2 protein chains.
Amino acid sequence: MYKINENYQKLPGSYLFSTIAQKVAAYTKAHPDKNLIRLGIGDVTLPVAPAVIRALHQAVDEMGQAETFRGYAPDLGYEFLRSVIAEQDYKARGCEINADEIFISDGAKSDSGNIQEIFGSDCTVAVTDPVYPVYIDSNVMAGRCGTFDPDTGRWSRVIYLPCVAENGFVPEFPKETPDIIYLCLPNNPTGTTFTKSQLQEWVDYANRNGSVIIYDAAYEAYISQEDVPRSVYECEGATACAIEIRSFSKNAGFTGVRLGFTVVPKKLLCGDVSLHGMWARRHGTKYNGAPYIIQRAGEAVYSEEGRSQITGQVAYYMKNAAVIRKGLQSAGYEVYGGINAPYIWLKTPEGMGSWEFFDYLLENAGVVGTPGCGFGPCGEGYFRLTAFGSYENTVKALERLKMLP
Amino acid sequence: MYKINENYQKLPGSYLFSTIAQKVAAYTKAHPDKNLIRLGIGDVTLPVAPAVIRALHQAVDEMGQAETFRGYAPDLGYEFLRSVIAEQDYKARGCEINADEIFISDGAKSDSGNIQEIFGSDCTVAVTDPVYPVYIDSNVMAGRCGTFDPDTGRWSRVIYLPCVAENGFVPEFPKETPDIIYLCLPNNPTGTTFTKSQLQEWVDYANRNGSVIIYDAAYEAYISQEDVPRSVYECEGATACAIEIRSFSKNAGFTGVRLGFTVVPKKLLCGDVSLHGMWARRHGTKYNGAPYIIQRAGEAVYSEEGRSQITGQVAYYMKNAAVIRKGLQSAGYEVYGGINAPYIWLKTPEGMGSWEFFDYLLENAGVVGTPGCGFGPCGEGYFRLTAFGSYENTVKALERLKMLP
């Protein structure tokens, strides 16, 4: 009899957002008249920008004509998209990344989940706590995480890097040296960042200790402060130790359009093996390229008109973030994030548990957020609100929050 | 120092289609005036059908308006697409497959490559020889294939099922029982099929021996004969032992549009573990759904107008297949496939090697095909031509072939 991958059985059953959905459904059923405001899931709400819509229509027309129809895309992405990314996201910021080091994909979630495949199965993994669950779950599936202890909420082989108010959400170096270090900056869920010198210390640490950094920069478009790096490659030596994952979901509203990319520098070698070559082989074997029309949409994001429109979208969400931050602060909450990220991370009042605060907010304000403990044990006592709602709803939610007993 | 996945190092370097591309480039450089006809790679050439183009435009417009914008899709696919697939591809043919057993993805290549993840790392794998390389390569990356012997072209732990003219391209049951059996029917590269009773024997074999069948039905739209099953689920007991992978690439010209799906029946259990649940977990963790606009394009394929248009496209390619088949036969070749598949598999003349025939055809006829040995040792002495060219080029290629010395 064939056998299954037993590692899947180790994954704890219930998923954060399913539990939230169930609680919300139960509440809505009991109070059908209440108008809920959802600031929980990190999904955008503004429509796709006009310049991108126009590019999509044009590419669709091309696919309908024999002379301009395109079949299989190049595995690693169309040159027109790879080169504009290299120019605008990297070279313009002084990062020496070339078009052929950029791998186009259907999104940062796929890349975040798949990237671990090119590493040895006995590599140790370090993640921040709290953390985006995909980094851990994909490594659990690959057998790297050991066993889960439901009492502590931790995996036996994972190295945790606590990120809490006390350390300014910048973790200390761990005692045990990890092989693979996941860093998401600006951070999901806390909305906090590293300064350039703080990130440089981690890059130096990785180079010194032979670790590789998986740098998830999905939220870089939300950075507003000068001293916050937009790419890990702004740090010296990063091309020798870091892979960077980017998304179009949050900067250009592509959550339902699906596009992302991963940078694997050619200088990134493990001994004499090129990780670039390995990732290219993975793409070539298990992926067939992002749709032509979606890659044209991605290209439009970098046009002058596209850039201006998506800058406007980001500004819209960041206005929401400011409403949330300031509203919470004036109501006496301890608040983090929301300056360089669309997420606001608040300390629950009076030592309330995260789920307790979730219920309290749902029942008394009709506002849905995300319990911090859902992202890891160090998220207990915290709560995440997102800036992706409409401005009107965000203002209303904060009014309700300020009126809470 | 972190370690890489050493299994990647075991993969032989050069890839079939890269070698072909290099040879073609060298030939073109040396003979810039020669007009080459490419019947090598299995990429479609007709533009996307008008009904699909219209659906794409409409969905793009929806994404540009706040009221109709869609963010994250359901992980497993939109209900509108899953249900029309269940109705038309399965229930209409008497197969008891429900919408919630269908997992929408970006294509059959991704699913073919990823599906092995849910199985144990020590499972043994059986493939036909010749075979679509993704089945083997993805299992090599997962460490299931042992070591490669360049002399025999075979992996030490893979169970090979030779498919040659002598057995009518229907393999015998192997001596050793495999855990996972990959079957691609209609077959890539040979273009041959099983009758329903032949497939039933493999389903019975799998159920009797505790094997799971990965059934790749990417070419089912090309089936013209009554007795050839379009789905593995036409066989009794298949929901207990088989996963089916389907593609929109070849039936609807979606090679550059990217859409596919995988069926994992809820009845498919390994002990008491549901493979359906495992695949859902994999989707939820490492994938974020196919683009909304592409799923609407997929839905249009099943509309009355869409069905009629893509039937026309398939007929166009199958007219090419008939030209190739008949042309080769009248020139004295031994020919297989091309009746229920867009691939024609020919025996090279006078014991020529596959690469020898490739060079001969390129130099003397200016026609590019694919050497059979690129798909496995049993493909040596065979050669693949595809029906995906234009009718005019296909006719011209066959005229040249008939004039060969």
Side-chain angles (χ1 to χ4, degrees), chain A residues 1-6 8-9 11 15 43-48 50 53 56-57 60 63-66 69-73 106-107 109-110 113-114 117-123 134 137-138 141 179-180 210-212 255-258 270 273 278 281 284-292 294, chain B residues 1-6 8-9 11 15 43-48 50 53 56-57 60 63-66 69-73 106-107 109-110 113-114 117-123 134 137-138 141 179-180 210-212 255-258 270 273 278 281 284-292 294:
Chain A
M1 180 78 186
Y2 69 92
K3 295 195 193 85
I4 57 155
N5 176 348
E6 293 287 347
Y8 274 62
Q9 300 302 100
L11 287 164
Y15 185 59
D43 197 358
V44 298
T45 49
L46 290 176
V48 172
I53 293 291
L56 281 165
H57 278 305
V60 168
M63 294 298 275
Q65 302 295 328
F69 170 79
R70 310 258 191 152
Y72 288 121
D106 65 311
K109 186 177 174 192
S110 305
N114 292 330
E117 269 186 41
I118 64 171
F119 299 104
S121 59
D122 57 348
C123 283
V134 167
D137 291 357
S138 58
M141 290 169 167
D179 293 313
I180 306 170
S211 309
V212 64
T255 53
V257 177
R258 311 306 314 139
C270 182
V273 178
M278 291 183 75
R281 186 74 202 228
T285 302
K286 301 192 190 180
Y287 188 55
N288 232 334
Y292 171 69
I294 307 292
Chain B
M1 182 77 184
Y2 68 92
K3 297 194 193 86
I4 57 154
N5 177 348
E6 293 287 349
Y8 275 61
Q9 300 302 100
L11 287 164
Y15 185 58
D43 197 357
V44 296
T45 49
L46 290 176
V48 172
I53 292 291
L56 281 165
H57 278 305
V60 168
M63 294 298 276
Q65 302 296 329
F69 170 78
R70 311 258 191 151
Y72 287 122
D106 65 310
K109 186 178 174 191
S110 305
N114 292 329
E117 271 188 38
I118 64 171
F119 298 104
S121 59
D122 57 349
C123 283
V134 168
D137 290 358
S138 59
M141 291 169 167
D179 293 314
I180 307 168
S211 309
V212 64
T255 53
V257 177
R258 310 307 313 138
C270 182
V273 178
M278 292 182 75
R281 186 74 202 230
T285 300
K286 301 192 189 177
Y287 188 56
N288 232 335
Y292 171 69
I294 307 293

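Just so it is clear, the structure is predicted and the values come from calculations on it, not from any experiment. All chains are named by letter (A, B, ...) in the order of the sequence lines, taking the proteins before the strands, and each is independently numbered beginning at 1. All heavy atoms count here, side chains included; hydrogens, waters and symmetry mates do not.
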Is [X] close to chain B through its backbone or its side chain, or both, or neither, when contacts mean heavy atoms under 4.5 Å?
| X | answer |
| --- | --- |
| A/Val273 | side chain |
| A/Glu6 | neither |
| A/Ser121 | neither |

Please determine, among [options], the option with the most heavy-atom pairs under 4.5 Å with chain B.
| options | answer |
| --- | --- |
| A/Val44, A/Asn5, A/Asp179 | A/Asn5 |
| A/Ile294, A/Ile53, A/Thr45 | A/Ile53 |
| A/Gln9, A/His57, A/Gln65, A/Met63 | A/His57 |

Nearest heavy-atom pair of B/Ser138 and B/Gly113: which atoms, and what distance?
CB-O, 3.4 Å
Taking every non-hydrogen pair under 4.5 Å, which of [options] racks up the most with chain A?
| options | answer |
| --- | --- |
| B/Ile118, B/Val134, B/Asp137 | B/Ile118 |
| B/Ala290, B/Cys270, B/Ala66 | B/Cys270 |
| B/Val212, B/Asp106, B/Ile180, B/Leu56 | B/Val212 |

Non-hydrogen atoms of chain A under 4.5 Å away: do they reach the side chain of B/Leu46, the backbone, both or neither?
backbone
Given heavy-atom pairs under 4.5 angstrom as the criterion, report whether the side chain, backbone, both or neither of B/Met141 touches chain A.
side chain
Could you give the distance from CG (B/Leu11) to CE (A/Met278), rounded to the nearest 0.5 Å?
9.0 Å
Please report the interatomic distance CZ(A/Arg70) to CG(B/Asp43), rounded to the nearest 0.5 Å.
12.0 Å
Could you check whether any side-chain heavy atom of B/Val48 comes within less than 4.5 Å of a side-chain heavy atom of A/Phe69, counting everything from C-beta outward?
yes
Any side-chain heavy-atom pair of B/Tyr72 and B/Asn288 under 4.5 Å:
yes
Please work out which of the three classes, parallel, tilted or perpendicular, describes the rings of A/Tyr2 and B/Phe119, given edges at 30° and 60°.
perpendicular
Just to verify, what does B/Asn114 make a side-chain contact (heavy atoms from CB on, under 4.5 Å) with, not counting sequence neighbours?
A/Arg282, A/Lys286, B/Ser110, B/Glu117, B/Trp279, B/Arg282
Salt-bridge present (B/Lys3, A/Asp122; N to O < 4.0 Å)
yes
